[in-house]
Amino acid sequence: MTIEIQQQRVQHLNDNDILPGDLVVYWMQASVRAAYNHALEYAIRQANLLRQPLLVVFGFTDDYPEANLRSFAFLLEGLQDVQRLLAERGIEMIVRRGSPDEVAIKAARHASLLVTDRGYLRHQRDWRHDVAGAVACRLTQVESDVVVPVELASPKLEHAARTLRPRITRHLEEFLVELGPTSLKHQSLHLGDDPANIDLSDIDTVLASMQLDRSVSRLSHLYQGGESQAHRALTNFLDTRFVNYARNRNQPQTNDVSDLSKYLHYGHISPVEIALRIQDSGAANDNIDTFLEELIIRRELPINFVFYQPDYDRFSHLSGWARRTLEDHQNDPRAYLYTAQQLEHAETHDDYWNAAMREMVHTGYMHNYMRMYWGKKVLEWSATPAEAYRVLLKLNNKYFLDGRDPNSYGNIAWIFGQHDRAWQERAIFGKVRYMSAAGLERKSRPAEYVEKVEQKIRQPKITYSP
DNA sequence: ATCGGCTCGCGCAA
DNA sequence: TGCGCGAAGCCGAT
């Protein structure tokens, strides 16, 4: 049984026809997995219809925006895993060094059809645009990283979750469906010996050969990238912590969260697969509903944001009340002013904040509730909102394994009022929502969170065994 | 512990 | 044009 891939996931990015070529190429870039990968399944079905083999190609570049040792290691672990999983299905995948668009163009030279997955950030869209114009064959993009395709959910920038929610919910029945694997009928090509291909059998060697920022430590002792690890993380969450999810998801002193955001960011797991597993878990409805709200609505709102807001990574995109009120308070005196370096080194007067910053630097993660507090305080302690915006995005993208994601840009924009409402006017923040240490203490146990972070840094331990 | 007030703009009903 | 409502807010009153 194979489910049809919903038509709305499929877009032809140029007007070219399918050519009488030798093979179908799937240019993998965003959905680095074998399971629940609509682009992969689409490419297999097209190859079978054309009676041709399929080649999967990934373009790997040292110049990837804001990447470093930490993120490259996780990426490579994921590539190694998916290459192995595809091989088990008789599908050949090569990872070739070079700018992704150039790698795709070269790989498509003898292709009948080039298929790719979808990314929403500027550089991801630019690559696909460049490739669409450069190849002779058709380039087909298949959305595989959201539940409801962005343009179908809404034709415009949404200002709040409550307006996007019904627009997504009405399509869930159609899009929250299984996607079984299709068998590839025709032999692969055995291109593995090409010297241009990267040998993934030893990741250390690949990393050593690269020019990259090594100042951000590798975290493979804590988290390894890859589809297999993502599935283990999901199973572990369902078996041990999901029962507490609705109650504890905003309690930073607990670990009752899914740990899946980094796998979602790298495309190591599909949101559709996660949602189906959650729905079928037999858990209490409040846990299921709360989780699906986070996974689908709260994840796809920032994707709507980066898709319809070209300046998603700049303070200047803010308009209307939030921009006005922050600028009205631009010259308010700041009780604390920290340099970017003091912040990065967690050298502030605030122990809760310092713990959050340390969690970020040393574990590549920060509890979601603390991400809000962390951001609000940087706004409070910076000379201008624009400066705070810059510093927050830089730290976010440097240290988080789930950084450089639409969620990163959405989360930072939220600090400055995006997707939020006006509140009682006060210094510096104006009418933008404020957060305080007293609020943290009222709602959670931040002193225990500080303890938890220090413990985690001292004794790093993976929460699920490989 | 819980509640109302603060405050804005969107989307929908009218 | 009016009205309800919102992710995590705070604050003061009860």
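For the numbers below, each heavy atom of this structure counts, side chains included, while hydrogens, waters and symmetry mates do not. Convention: sequence-line order gives letters A, B, ...; per-chain numbering from 1.
dG4(B): Watson-Crick or G-U partner is dC11(C), with both key distances under 3.5 Å.
At least one side-chain nitrogen or oxygen of Arg165(A) sits closer than 4.0 Å to the OP1 or OP2 atom of dA7(C). In this structure, Arg162(A) does not reach the dC10(B) phosphate: none of its side-chain N or O atoms is under 4.0 Å from OP1 or OP2. Considering only side-chain N and O atoms, Ser436(A) lies under 4.0 angstrom from the phosphate OP1 or OP2 of dC10(C). For the OP1/OP2 pair of dC10(C) and a distance below 4.0 Å, the side-chain nitrogens and oxygens of Lys431(A) include no atom meeting the criterion. Residue Arg426(A) places no side-chain N or O under 4.0 Å from the OP1 or OP2 atom of dT7(B). Between Arg442(A) and dC10(C), a side-chain N or O to OP1/OP2 separation shorter than 4.0 Å is present.
Atom pair Arg371(A):CZ and dA7(C):C1' shows a separation of 16 Å (rounding to whole Å applied). Between the CH2 atom of Trp414(A) and the C1' atom of dG6(C) there is a distance of 13 Å, rounded to whole Å. With rounding to whole Å, Arg167(A) atom CZ is found 12 Å from dC10(B) atom C1'. Summarising the geometry, the separation between CZ on Arg249(A) and P on dA8(C) is reported as 10 Å, rounded to the nearest angstrom. Regarding Tyr434(A), its OH atom lies at a distance of 7 Å from the P atom of dC11(C), rounded to whole Å. The separation between Trp423(A) atom CH2 and dA8(C) atom C1' is 9 Å, rounded to whole Å. Distance Glu293(A) CD to dG6(C) C1': 12 Å, rounded to the nearest Å. Across the protein-nucleic acid pair, Leu295(A) atom CG and dA7(C) atom P stand 17 Å apart, rounded to whole Å.
Nucleic acid contact class of Gln251(A) (heavy atoms, under 4.0 Å, all strands): none. When heavy atoms are screened at a 4.0 angstrom cut-off, Trp321(A) is found touching the sugar-phosphate backbone but no base atom. Heavy atoms of Ala160(A) sit nowhere under 4.0 angstrom from any nucleic acid atom.
Note on ring orientation: taking the six-membered ring where Trp is involved, the planes of Phe291(A) and Phe242(A) are perpendicular (angle over 60°, cut-offs 30° and 60°).
A donor-acceptor contact under 3.5 Å is not formed by the side chain of Arg433(A) with the base of dA8(C). Donor-acceptor pairing under 3.5 Å, judged by distance alone, is present between the side chain of Asn368(A) and the base of dA8(C).
Between Arg218(A) and Glu77(A) there is a salt bridge, with a side-chain nitrogen of the basic residue lying less than 4.0 Å from a carboxylate oxygen of the acidic one.
For CG of Asp15(A), the number of neighbouring non-hydrogen atoms (other residues, nucleotides, ligands) closer than 6.0 Å is 12 at most. In His123(A), the NE2 atom is crowded: over 12 heavy atoms of neighbouring residues, nucleotides or ligands sit closer than 6.0 Å.
Taking only side-chain atoms of Gln424(A), from C-beta outward, the nucleotide of dG11(B), dG9(B), dT7(B) with the closest atom is dT7(B). Taking every side-chain heavy atom of Lys156(A) into account, dG11(B) is the closest of dG9(B), dA7(C), dG11(B).
There is no side-chain donor-acceptor pair under 3.5 Å between Tyr338(A) and His345(A).
In this structure, the ring of His419(A) has its center less than 6.0 angstrom from the ring center of Phe305(A).
Across the P atoms, dT7(B) and dT1(C) are found 24 Å apart, a figure rounded to whole Å.
Mapping Glu158(A) and Arg421(A) onto DNA chain B by nearest heavy atom places Arg421(A) closer to the 5' end of the strand.
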